[in-house]
A.B. asks: 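Input: one structure, supplied below.
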Amino acid sequence: MSATIFYYTGTGNSLWVARKLADALGNTDVVSMSGHWDEKKRIDPEAIGLVFPVYIWGVPAPVLRFVKNMKVMPESYIFAIAVNGGQVSNTLVQLKGIMAQNRLNLSAGFQIKMPSNYIPWGGPGPTEKQQRLFGLAQKKVMRIAESIKGKAPLPVEKGPLWQRIIFTAIYRMSFSQVPKMDRQFWSDNKCNSCEICSKVCPAENITFTEGRPQWNHKCEQCFACLQWCPQKAIQYGKRTPHYVRYHQPEILLTDVLKSR
Ligand SMILES: Cc1cc2nc3c(=O)[nH]c(=O)nc-3n(C[C@H](O)[C@H](O)[C@H](O)COP(=O)(O)O)c2cc1C
Ligand code: SF4
Ligand code: SF4
């Protein structure tokens with residue numbers, strides 16, 4: 001079968017999942033969601049995938065924008081994978097609803113747990129734990145590939161009811177605040193003005209004043225700037241100087257730069 005997988009990523013977990021799935025499926029393109037749906041390029045594969053991280057228990061704004069612009073054949077088999085740190089909550093239910101408004105059917109939705117890149121709550125955990133998660137994720141990717149090859153219509157995966165009630169309320173309350181959450185970013189004296197943070201930002205949110213980054217309140221909260229800074233000079237709030245940085249070890253900075 002032919003498939004196209006569209007991905008959005010901050011620290012590479014979603015790109016890693018997309019690539020592993022493409023390997024398992026064969027004949028599959030892996031394409032960044034950056035920019036907009038290219039209407040001139042006719043997309044008509046047998047299956048279309050969306051792979052993206054969970055943010056604040058829901059779908060990130062750039063993914064919502066991408067989905068709202070999607071134009072595919074109504075009978076297309078569309079699947080999604082919500083890559084998360086352990087709490088997928090209502091993300092895939094939300095996505096299915098948004099797609100239905102656009103007359104698209106989300107045929108199947110899967111969740112995959114990977115190390116968390118949400119550094120304000122701590123680092124990604126010990127390396128052995130990360131390796132265990134990659135192993136489990138790889139196994140789940142193989143199972144997902146079998147479902148996709150059979151074009152199986154499946155109910156979307158979701159978290160427990162209490163999570164979906166409480167966390168969906170938090171998602172809704174915080175959604176409009178996300179662009180301004182960059183107020184907590186700052187750079188310390190390790191910064192050497194390399195400007196990588198600005199290049200890796202999917203939102204063109206970082207400019208420079210006197211050689212130091214400045215955040216301009218159109219943030220998507222992907223944490224790419226902080227996690228990919230070679231000097232570990234970007235901080236968020238007070239605690240991050242003590243926390244370990246993370247990106248998926250098989251994904252390179254150049255991979256993420258190409259996706260912008
Ligand atoms: C702003 C933000 C919010 C997050 N919220 C959640 C969440 O609600 N539930 C969860 O399980 N993981 C959450 N995470 C963790 C990411 O979903 C997870 O680390 C994901 O694998 C990152 O994917 P990426 O490397 O492709 O960017 C959050 C991460 C960020 C940066
Ligand atoms: S990536 Fe880090 S070192 Fe480079 S300019 Fe940004 S903050 Fe400074
Ligand atoms: S400023 Fe940092 S966290 Fe915000 S969108 Fe850009 S790279 Fe992501």
Side-chain angles (χ1 to χ4, degrees), residues 7-19 32-33 51-63 81-91 111-125 130 133-134 137 159 163-164 166-168 170-171 174-175 177-209 211-236 245-251 253 255-257 259-260:
Y7 71 92
Y8 174 77
T9 192
T11 52
N13 283 346
S14 305
L15 176 54
W16 183 85
V17 167
R19 284 184 176 171
S32 168
M33 285 187 200
V51 182
F52 60 88
V54 173
Y55 286 173
I56 322 180
W57 304 288
V59 183
V63 179
I81 302 181
V83 182
N84 64 87
Q87 292 183 331
V88 70
S89 192
N90 209 46
T91 306
Q111 67 92 20
I112 290 188
K113 183 175 171 181
M114 293 281 275
S116 176
N117 65 353
Y118 191 65
I119 194 165
W121 286 0
Q130 291 179 37
L133 285 175
F134 299 147
Q163 248 184 33
R164 288 186 285 128
I166 298 169
F167 293 161
T168 302
I170 299 174
Y171 173 89
S174 52
F175 188 79
Q177 308 302 315
V178 168
K180 291 181 189 150
M181 286 182 185
D182 62 4
R183 289 201 173 111
Q184 292 201 61
F185 281 118
W186 51 283
S187 64
D188 66 29
N189 288 335
K190 297 194 291 300
C191 175
N192 64 4
S193 311
C194 71
E195 300 199 2
I196 284 173
C197 49
S198 149
K199 292 182 186 128
V200 86
C201 174
E204 297 181 356
N205 186 37
I206 301 176
T207 49
F208 281 80
T209 307
R212 294 289 276 265
Q214 209 176 311
W215 286 263
N216 293 294
H217 315 317
K218 41 181 190 161
C219 183
E220 294 171 0
Q221 282 282 289
C222 70
F223 277 81
C225 53
L226 180 150
Q227 300 282 17
W228 289 101
C229 168
Q231 306 303 321
K232 301 181 176 59
I234 299 185
Q235 310 299 343
Y236 190 83
R245 270 41 181 174
Y246 173 79
H247 62 80
Q248 210 293 330
E250 291 175 34
I251 300 298
L253 174 62
D255 294 319
V256 179
L257 289 173
S259 77
R260 300 311 193 213

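Counting begins at 1 with the first residue of the sequence. Just so you know, ligand 1 is whichever comes first in the structure, and atom 1 is the first atom listed for that ligand.
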A.B. asks: Quick check on contacts: which atoms of ligand 3 are under 4.0 angstrom from a heavy atom of Cys201?
C.D. replies: 1 (S), 5 (S), 6 (Fe), 7 (S)

A.B. asks: Identify the protein heavy atom lying closest to atom 3 (S) of ligand 2, giving its residue, its atom name and the separation to 0.1 Å.
C.D. replies: Asn192 OD1, 3.3 Å

A.B. asks: Quick test: of every protein heavy atom, which one is nearest to atom 5 (S) of ligand 3, and how far off is it to 0.1 Å?
C.D. replies: Glu220 N, 3.2 Å

A.B. asks: Quiz question: by atom type and distance under 3.5 Å, do the side chains of Tyr8 and Glu220 form a donor-acceptor pair?
C.D. replies: yes

A.B. asks: I'd like to check which ligand 1 atoms, numbered from 1 as shown, lie under 4.0 Å from a non-hydrogen atom of Thr11.
C.D. replies: 24 (P), 25 (O), 27 (O)

A.B. asks: Using a distance-only test with no angle check, is there a side-chain donor-acceptor pair under 3.5 angstrom linking Arg164 and Ser89?
C.D. replies: no

A.B. asks: For atom 12 (N) of ligand 1, which candidate among Gly85, Ala137, Gly12, Cys222 holds the nearest heavy atom?
C.D. replies: Gly85

A.B. asks: Could you find the nearest protein heavy atom to atom 9 (N) of ligand 1 and give me its residue, atom name and distance?
C.D. replies: Gln87 O, 3.0 Å

A.B. asks: So, Cys194 and atom 4 (Fe) of ligand 2: N/O/S under 2.8 Å, yes or no?
C.D. replies: yes

A.B. asks: Just verifying a value: how many Å separate Arg212 CZ and Cys191 SG, rounded to the nearest 0.5 Å?
C.D. replies: 5.0 Å

A.B. asks: Does some side-chain heavy atom of Phe52 sit less than 4.5 Å from a side-chain heavy atom of Tyr7?
C.D. replies: no

A.B. asks: State, without any angle test, whether Asn84 and Tyr55 hold a side-chain donor-acceptor pair at a distance under 3.5 Å.
C.D. replies: no

A.B. asks: May I ask whether Trp228 has any heavy atom positioned less than 4.0 angstrom from an atom of ligand 2?
C.D. replies: no

A.B. asks: Do Cys225 and Ile206 come close enough that some side-chain heavy atom pair is under 4.5 Å?
C.D. replies: yes

A.B. asks: Tell me whether the rings of Tyr171 and Phe175 are parallel (<30°), tilted (30 to 60°) or perpendicular (>60°).
C.D. replies: tilted

A.B. asks: Could you measure the distance from the NZ atom of Lys199 to the CG atom of Leu257? Nearest 0.5 Å is fine.
C.D. replies: 8.0 Å

A.B. asks: Are side-chain heavy atoms of Trp215 and Gln184 found at a separation under 4.5 Å?
C.D. replies: no

A.B. asks: With a heavy-atom distance limit of 4.0 Å, tell me whether Trp215 approaches ligand 3 through its side chain, its backbone, both, or neither.
C.D. replies: side chain

A.B. asks: What protein heavy atom sits nearest atom 8 (Fe) of ligand 3, and how far off is it?
C.D. replies: Cys222 SG, 2.4 Å

A.B. asks: Testing the 3.5 Å rule here: is there a donor-acceptor pair between the side chains of Trp186 and Gln235?
C.D. replies: no

A.B. asks: Just verifying a value: how many Å separate Gln248 CD and Asn13 CG, rounded to the nearest 0.5 Å?
C.D. replies: 6.0 Å

A.B. asks: Can you check whether Pro53 reaches Thr9 side chain to side chain, under 4.5 Å on heavy atoms?
C.D. replies: no

A.B. asks: Are any non-hydrogen side-chain atoms of Met33 and Val63 less than 4.5 angstrom apart?
C.D. replies: yes

A.B. asks: Suppose we measure from atom 13 (C) of ligand 1 to each protein heavy atom; which comes out shortest, and what is that distance?
C.D. replies: Val54 O, 3.3 Å

A.B. asks: Just distances here: any N/O of Thr9 and N/O of ligand 1 closer than 3.5 Å?
C.D. replies: yes

A.B. asks: Would you mind listing which atoms of ligand 3 come within a distance below 4.0 Å of any non-hydrogen atom of Phe185?
C.D. replies: 3 (S)

A.B. asks: In terms of atom number and element, which parts of ligand 1 are under 4.0 angstrom from non-hydrogen atoms of Asn13?
C.D. replies: 19 (O), 20 (C), 21 (O), 22 (C), 23 (O), 24 (P), 25 (O), 26 (O)

A.B. asks: I'd like to know if the side chain of Trp57 pairs up with that of Gln163 as donor and acceptor (distance under 3.5 Å, no hydrogens or angles considered).
C.D. replies: no

A.B. asks: Looking only at distances, please establish whether an N/O atom of ligand 1 is found under 3.5 Å from an N/O atom of Gly86.
C.D. replies: yes

A.B. asks: Suppose we measure from atom 31 (C) of ligand 1 to each protein heavy atom; which comes out shortest, and what is that distance?
C.D. replies: Gln221 O, 3.2 Å

A.B. asks: Quick one: nearest non-hydrogen protein atom to atom 23 (O) of ligand 1, plus distance?
C.D. replies: Pro53 CB, 3.3 Å

A.B. asks: In Å and rounded to the nearest 0.5 Å, what is the OG to CD distance from Ser174 to Gln221?
C.D. replies: 9.5 Å

A.B. asks: What I want to check is whether the side chains of Asn117 and Gln227 have a donor and an acceptor closer together than 3.5 Å.
C.D. replies: no

A.B. asks: Does only the side chain of Ser193 get under 4.0 Å from ligand 2, or the backbone, or both, or neither? Count heavy atoms.
C.D. replies: backbone

A.B. asks: Please could you name the atoms of ligand 1 that Phe223 approaches to less than 4.0 Å, counting only its heavy atoms?
C.D. replies: 31 (C)

A.B. asks: What are the atoms of ligand 3, with element, lying closer than 4.0 Å to any heavy atom of Asn205?
C.D. replies: 1 (S)

A.B. asks: Does the plane of the ring in Phe223 sit parallel, tilted or perpendicular to the ring in Tyr236? Use 30° and 60° as the thresholds.
C.D. replies: perpendicular

A.B. asks: Taking 4.0 angstrom as the limit, do Arg19 and Asp255 come out as a salt bridge?
C.D. replies: yes

A.B. asks: I want to confirm something. Looking only at heavy atoms, which of Trp57, Tyr246, Tyr8, Tyr171 is nearest to atom 8 (O) of ligand 1?
C.D. replies: Trp57

A.B. asks: Within the structure, is a non-hydrogen atom of Ser89 found at a distance of less than 4.0 Å from ligand 1?
C.D. replies: no

A.B. asks: Among all the protein's non-hydrogen atoms, which is closest to atom 29 (C) of ligand 1, and how far away is it?
C.D. replies: Asn117 OD1, 3.1 Å

A.B. asks: What do we get for Glu195 next to ligand 2 when only non-hydrogen atoms under 4.0 Å count, side chain, backbone, both or neither?
C.D. replies: backbone

A.B. asks: As an exercise, identify every atom of ligand 2 less than 4.0 angstrom from a heavy atom of Phe208.
C.D. replies: 5 (S)

A.B. asks: Would you mind checking which non-hydrogen protein atom is closest to atom 6 (Fe) of ligand 2, with the distance to 0.1 Å?
C.D. replies: Cys197 SG, 2.4 Å

A.B. asks: Looking at atom 2 (Fe) of ligand 2, is one of the N, O or S atoms of Cys191 less than 2.8 Å from it?
C.D. replies: no

A.B. asks: Side chains of Thr207 and Asn216: is there a donor and an acceptor less than 3.5 Å apart?
C.D. replies: yes

A.B. asks: For ligand 1, which atoms sit closer than 4.0 Å to a heavy atom of Gly10?
C.D. replies: 24 (P), 26 (O), 27 (O)

A.B. asks: Nearest to atom 5 (N) of ligand 1, what protein heavy atom do you find, and at what distance?
C.D. replies: Ile56 N, 2.9 Å

A.B. asks: Atom 4 (Fe) of ligand 3: which protein heavy atom is closest, and how many Å away?
C.D. replies: Cys219 SG, 2.3 Å

A.B. asks: Below 4.0 angstrom from a heavy atom of Ser116, which ligand 1 atoms are there? Numbered from 1 as shown, please.
C.D. replies: 15 (C), 19 (O)

A.B. asks: Which ligand 1 atoms, with their elements, are less than 4.0 angstrom from a heavy-atom of Val83?
C.D. replies: 17 (O), 20 (C), 21 (O)

A.B. asks: Using side-chain heavy atoms (C-beta onward) and a distance below 4.5 Å, is Ile112 in contact with Met114?
C.D. replies: yes

A.B. asks: Could you tell me the residue and atom name of the protein heavy atom closest to atom 30 (C) of ligand 1, and the distance to it rounded to 0.1 Å?
C.D. replies: Tyr118 CD1, 3.5 Å

A.B. asks: Counting each atom of ligand 3 from 1 as listed, which ones have a heavy atom of Phe223 under 4.0 Å away?
C.D. replies: 3 (S), 8 (Fe)

A.B. asks: Quick one, Phe185 and Cys219 - any side-chain contact, counting heavy atoms below 4.5 Å?
C.D. replies: yes

A.B. asks: Which one holds for Ala224 and ligand 1: side chain close, backbone close, both close, or neither close, with close meaning a heavy atom under 4.0 Å?
C.D. replies: neither

A.B. asks: List the closest protein heavy-atom neighbour of atom 7 (S) of ligand 2: residue, atom name, distance to the nearest 0.1 Å.
C.D. replies: Ile234 CG1, 3.5 Å

A.B. asks: Identify the protein heavy atom lying closest to atom 2 (Fe) of ligand 2, giving its residue, its atom name and the separation to 0.1 Å.
C.D. replies: Cys229 SG, 2.3 Å

